[in-house]
Amino acid sequence: MKRFLKSGLVVLFLLLMLFGGMTLHTVSQSQHYSRLVNYVGIVRGATQRLVKLELMDQPSEPLIEYLDGILKELETGDGEYGLPLPKDSNYQQKLAGLSAMWEEMKVQISAYRNGLDDGTTLLSLSETYFKQANDTVFAADEYAARCIQGLNVICIVMLIIMLLTWLFIIWAYWKKLLHLEDTNQKLNDLARRDTLTGVYQLDAFKEEAQRYLDAGHDGKIAFVYTDFSDFKYINDVFGYAYGDSILKRYGEILNRLVGEGELCGRVSADNFVLLLRYQDREEVAARQREADTEIIRFMHSSHNRQSVPTCCGICCVEDVVEDLRIDGFLDRANFARKTVKNGTHSNYVFYDESIRNRLREEKNVESSMLAALENHEFTVFYQPKVELGTGKIACSESLVRWKSQSGSIIPPDRFIPVFERKYMIDRLDQYVFEEVCRFLNGRLKAGRRVLPVSVNVSRLQFFDQNFVKRYVEIRNHYQIPAELLEIEFTESIAIDNTSLLTSIVDQLKQAGFSCSIDDFGKGYSSLSLLKTLPIDVLKIDRFFFSESNDPERDMAVVQGIVELVHKFNIRTVAEGVESESQVEMLKQIGCDYVQGYVFYRPVPQAEFERMLDGQE
Ligand code: C2E
Ligand code: CA
Ligand code: CA
């Protein structure tokens, strides 16, 4: 392009020079030609004057010499007047006639001077001469006019070339400006993109998306929020470089997926957002599915051959009744995404009426949870754990419930995540712990039978340095023997920070608490962790006992886990067991306890107390 511009400019410049030269030449030529016309005219006039003077007997030799000089220069081009020598046959012919007549005139003048003519012949000859001179002037004039016409043509061509040159220069500059602007835009765009994945950074995505929303939209717009389930697994097991390569490829796939007027951005680690346009909402899901299939194929084709599923929430702007800004739409798409993880079969969910209600419910939880804590609206249920060896209740797990002011019981999965998100879970956990201590204290004081109770502790509490100290204080306050209390926590914290988990478990053990790992087998679990962590109990997740394609295989895995952890003197609890046949198998495997509906559901304290008293 640059070369083309340069050579184009050179050609135009040369043409301009050429035509400029031609113009200068023609202008100077035309000056000569007008002089030519003048001098031929002078010849005509001066000859008339000469004849007149001769007839008045006032002969003028200088005038004759003057006319001789001019005519000679007209014929030869040599002389002092700077007259041209046009190559025009008509003019040449007329001039030759004129010169010949001039010679005749001079002979006749001499005859008149010598008295051989009374002036009549000279006068008549001068008449003819005048006519010839006139014709010569016209011929010269015609010739000059033709030259000037040529000059006009040259000038017009020049003008066109100049115009073209300017247009070319302007076009070239315009192009260059556009190119600069384009480059500028590209650089700007690049600065707003995520370096790893090439999609927009969240702020830039929001800004652009809001612009699209503000501009109004002829088509329909949907926001998609995508997530990889358990991406940590990929990072932890295969390393961050592999994790990054997946995210990078996913970014490429999504960038290819979005077309004109659509956007793609990265929220954080493995969360992406899209703005897509559609006619039929199924299109949105289909396009997203295509992207997901591609990334899963990529993961399978890598040397690790392991994939984690993706899930996404879709919020169509037309489905939202409120007047929202971009954050509101992304929140709703994200909220819809979370409901995928909560057990739906398809890997995407559209934001709809039911989700809107759940969102409203969450918002209600959020706004009333603090007051609910202060009003003691939370109550503790107990779910017995049955020792398989004896068939009797050996201990129990405390499970929180929210008894709302309307009297309905709200299950924990509706509010625990909100408490965690708002960093208020420690208050709720401690509240439950204190309720359990109060319950045990009451029975101990009354001399009634007590069994160990486990309490759930959110992993977020482990980041609080005073956590163990505070639990010990509460326990001491209610004078509960250490062996009656067990702390349940999930191992997920170990993914981020094994040393923190180990240190907390050490502190809990030193303080006399039993420790158990909850939900083992949900997500990915690390057997090696069990070797190093001084825990007492392993709770095998209900996933192994729920409906399965291959229950025998599940039981074989459970058997493997039970046998292994027994070697480390860790007792096992099978959670979520619902059938007698499973209980039989667990007995054979040697599992220690069963906590499941097959024996007992979580029950209110009063009912649990009746069970305890009844079993005495
Ligand atoms: P989790 O710790 O795994 O508790 C066991 C859950 O499994 C309980 O649900 C229990 O009702 C349910 N379950 C027990 N047996 C069966 C069965 O045979 N079939 C089925 N389908 N389910 C069974 P729940 O009470 O709804 O609690 C849900 C989760 O909420 C708990 O899971 C725990 O993670 C959390 N949670 C409950 N109370 C607290 C608490 O005080 N603090 C914290 N941080 N989390 C709590
Ligand atoms: Ca638990
Ligand atoms: Ca559990």
Side-chain angles (χ1 to χ4, degrees), residues 342-343 365 369 372-373 376-386 393 395-403 408-439 452-464 467 471 474 485-493 514-523 525 535-548 558 561 572-583 586 591 593-605 607-608:
N342 293 347
V365 168
M369 58 199 217
L373 257 179
H376 296 272
E377 285 176 30
F378 293 97
T379 172
V380 179
F381 275 40
Y382 294 86
Q383 185 177 28
K385 298 176 196 170
V386 172
I393 300 174
C395 46
S396 69
E397 177 178 5
S398 59
L399 294 158
V400 68
R401 300 286 181 268
W402 185 347
K403 206 168 177 180
S408 60
I409 299 272
I410 306 170
D413 57 347
R414 294 279 180 86
F415 56 87
I416 298 266
V418 188
F419 270 88
E420 286 189 329
R421 225 176 27 248
K422 293 281 154 192
Y423 299 103
M424 279 176 61
I425 190 68
D426 54 341
R427 292 188 57 179
L428 182 68
D429 279 352
Q430 280 163 37
Y431 176 91
V432 172
F433 183 64
E434 196 161 353
E435 285 298 298
V436 169
C437 288
R438 193 177 290 133
F439 156 69
V453 180
S454 62
V455 289
N456 289 285
V457 161
S458 162
R459 62 190 183 286
L460 290 180
Q461 284 219 70
F462 282 26
F463 294 97
D464 177 355
F467 151 67
Y471 271 54
I474 298 171
L485 290 165
E486 182 176 309
I487 307 288
E488 288 190 15
F489 47 85
T490 59
E491 65 186 313
S492 59
I493 187 172
S514 281
C515 290
S516 68
I517 282 196
D518 204 356
D519 301 343
F520 189 81
K522 186 174 164 183
S525 300
I535 53 155
D536 304 281
V537 177
L538 184 77
K539 298 188 77 181
I540 302 165
D541 193 69
R542 63 170 170 272
F543 156 82
F544 291 102
F545 313 105
S546 58
E547 284 212 0
S548 150
V558 173
I561 295 170
T572 49
V573 178
E575 279 191 298
V577 178
E578 295 186 4
S579 79
E580 289 289 353
S581 59
Q582 284 172 332
V583 173
L586 286 164
C591 178
Y593 307 96
V594 159
Q595 179 186 349
Y597 294 172
V598 67
F599 291 124
Y600 303 100
R601 287 180 178 252
V603 291
Q605 183 183 315
E607 198 177 329
F608 183 55

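One-based numbering along the sequence shown. Whatever order the structure lists them in is the order used to number ligands and atoms, beginning at 1.
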Can you find a pair of side-chain heavy atoms, one from [X] and one from [Y], that are under 4.5 Å apart?
X: Glu578; Y: Arg542; result: no
X: Leu586; Y: Thr572; result: no
X: Cys395; Y: Glu486; result: no
X: Phe419; Y: Leu373; result: yes

Practice problem: Any chance you could lay out the side-chain contact (heavy atoms from CB on, under 4.5 Å) test for Val400 and Asn456, step after step, and finish with the verdict? | Solution: CA-CA 9 Å; Val400 68; Asn456 289 285; over 6 Å; no

Exercise. Taking all heavy atoms of Ser579 and all of Val598, pick out the closest pair and write down the distance.
Key: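 Looks like C-CG2, 3.7 Å.
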
With heavy atoms only and a cut-off of under 4.0 Å, state how [X] meets ligand 1: side chain, backbone, both or neither.
X: Val598; value: neither
X: Leu428; value: neither
X: Val432; value: side chain
X: Asp429; value: side chain
X: Gln383; value: side chain

Quiz prompt | Asn456 near the Ca ion (ligand 2) via N/O/S, less than 3.0 Å | solution =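 Asn456 does place an N, O or S atom closer than 3.0 Å to the Ca ion (ligand 2).
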
Exercise. Using the side-chain contact (heavy atoms from CB on, under 4.5 Å) rule, pick out the option among Ile474, Val432, Val453, Val455 that qualifies with Cys437.
Key: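 In the set Ile474, Val432, Val453, Val455, the residue that makes a side-chain contact (heavy atoms from CB on, under 4.5 Å) with Cys437 is Ile474.
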
Self-check item: Test side-chain contact (heavy atoms from CB on, under 4.5 Å) applied to Lys539 and Asp519, Val573, Thr490, the passing residue
Solution: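 So the option named by the test is Val573.
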
Taking [Y]'s backbone N and O only, do any of them form a donor-acceptor pair with [X]'s side chain (distance below 3.5 Å, no angle check)?
X: Tyr431; Y: Phe378; answer: yes
X: Asp536; Y: Cys515; answer: yes
X: Gln383; Y: Tyr600; answer: yes
X: Gln582; Y: Phe545; answer: yes

Quick check on contacts: which atoms of ligand 1 are under 4.0 angstrom from a heavy atom of [X]?
X: Glu575; result: 3 (O), 5 (C)
X: Asp519; result: 3 (O)
X: Glu578; result: 17 (C), 18 (O), 19 (N), 20 (C), 21 (N)
X: Gly596; result: 15 (N), 18 (O)
X: Asn456; result: 2 (O), 38 (N), 39 (C), 40 (C), 42 (N), 43 (C), 45 (N), 46 (C)
X: Val577; result: 18 (O)
X: Pro602; result: 11 (O)

Practice problem: Using the ring of Phe462 (Phe, Tyr or Trp, six-membered ring only), decide whether Arg459 places NZ or CZ under 6.0 Å from its centre and within 45 degrees of its axis. | Solution: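 Negative - Arg459 is either too far from the ring of Phe462 or too far off its axis.
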
Can you tell me the protein heavy atom closest to [atom] and the distance?
atom: atom 18 (O) of ligand 1; result: Tyr597 N, 2.8 Å
atom: atom 12 (C) of ligand 1; result: Arg542 NH1, 3.7 Å
atom: atom 29 (C) of ligand 1; result: Pro412 CG, 4.3 Å
atom: atom 39 (C) of ligand 1; result: Val400 CG1, 3.6 Å

Quiz prompt | Residues Lys385 and Ser454: side-chain donor-acceptor under 3.5 angstrom | solution =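 The answer is yes; a qualifying pair exists.
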
Would you check whether [X] reaches within less than 4.0 Å of ligand 1, judged by its heavy atoms?
X: Lys539; value: no
X: Glu397; value: yes
X: Asp413; value: no

Quiz prompt | Closest to atom 37 (C) of ligand 1 (judged by heavy-atom distance), picking from Val380, Leu399, Val594 | solution =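 The residue whose heavy atom sits nearest atom 37 (C) of ligand 1 is Leu399.
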
Quiz item: To which of Asp426, Asp518, Ile416 does the heavy atom nearest atom 46 (C) of ligand 1 belong?
Solution: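 The nearest heavy atom belongs to Ile416.
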
Under 4.0 Å from [atom], is there any protein heavy atom?
atom: atom 9 (O) of ligand 1; result: no
atom: atom 44 (N) of ligand 1; result: yes
atom: atom 32 (O) of ligand 1; result: no

Practice problem: State whether Glu575 contributes an N/O/S atom found under 3.0 Å from the Ca ion (ligand 3). | Solution: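 Checking Glu575: at least one N, O or S atom is under 3.0 Å.
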
Exercise. Have a look at the Ca ion (ligand 3) and estimate, to 10 degrees, the angle subtended by OD1 (Asp518) and OD1 (Asp519).
Key: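 Between OD1 of Asp518 and OD1 of Asp519, the angle at the Ca ion (ligand 3) is about 90°.
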
Quiz item: In Glu397, what N, O or S atom is nearest to the Ca ion (ligand 2), if we give its atom name?
Solution: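 Of the nitrogen, oxygen and sulfur atoms in Glu397, the Ca ion (ligand 2) lies nearest to OE2.
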
Self-check item: Name, closest N/O/S atom of Glu488 to the Ca ion (ligand 2)
Solution: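 Of the nitrogen, oxygen and sulfur atoms in Glu488, the Ca ion (ligand 2) lies nearest to OE1.
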
Practice problem: Let me see the working for Val577 and Phe599 under side-chain contact (heavy atoms from CB on, under 4.5 Å), right down to the final yes or no. | Solution: CA-CA 8 Å; Val577 178; Phe599 291 124; over 6 Å; no

Self-check item: Evaluation steps, side-chain contact (heavy atoms from CB on, under 4.5 Å), between Ile425 and Ile416
Solution: CA-CA 7 Å; Ile425 190 68; Ile416 298 266; 3.9 Å; yes

Quiz item: How far apart are the C-alpha atoms of Arg438 and Glu434, what are their side-chain angles, what is the distance that settles it, and do they pass the side-chain contact (heavy atoms from CB on, under 4.5 Å) test?
Solution: CA-CA 6 Å; Arg438 193 177 290 133; Glu434 196 161 353; 3.9 Å; yes

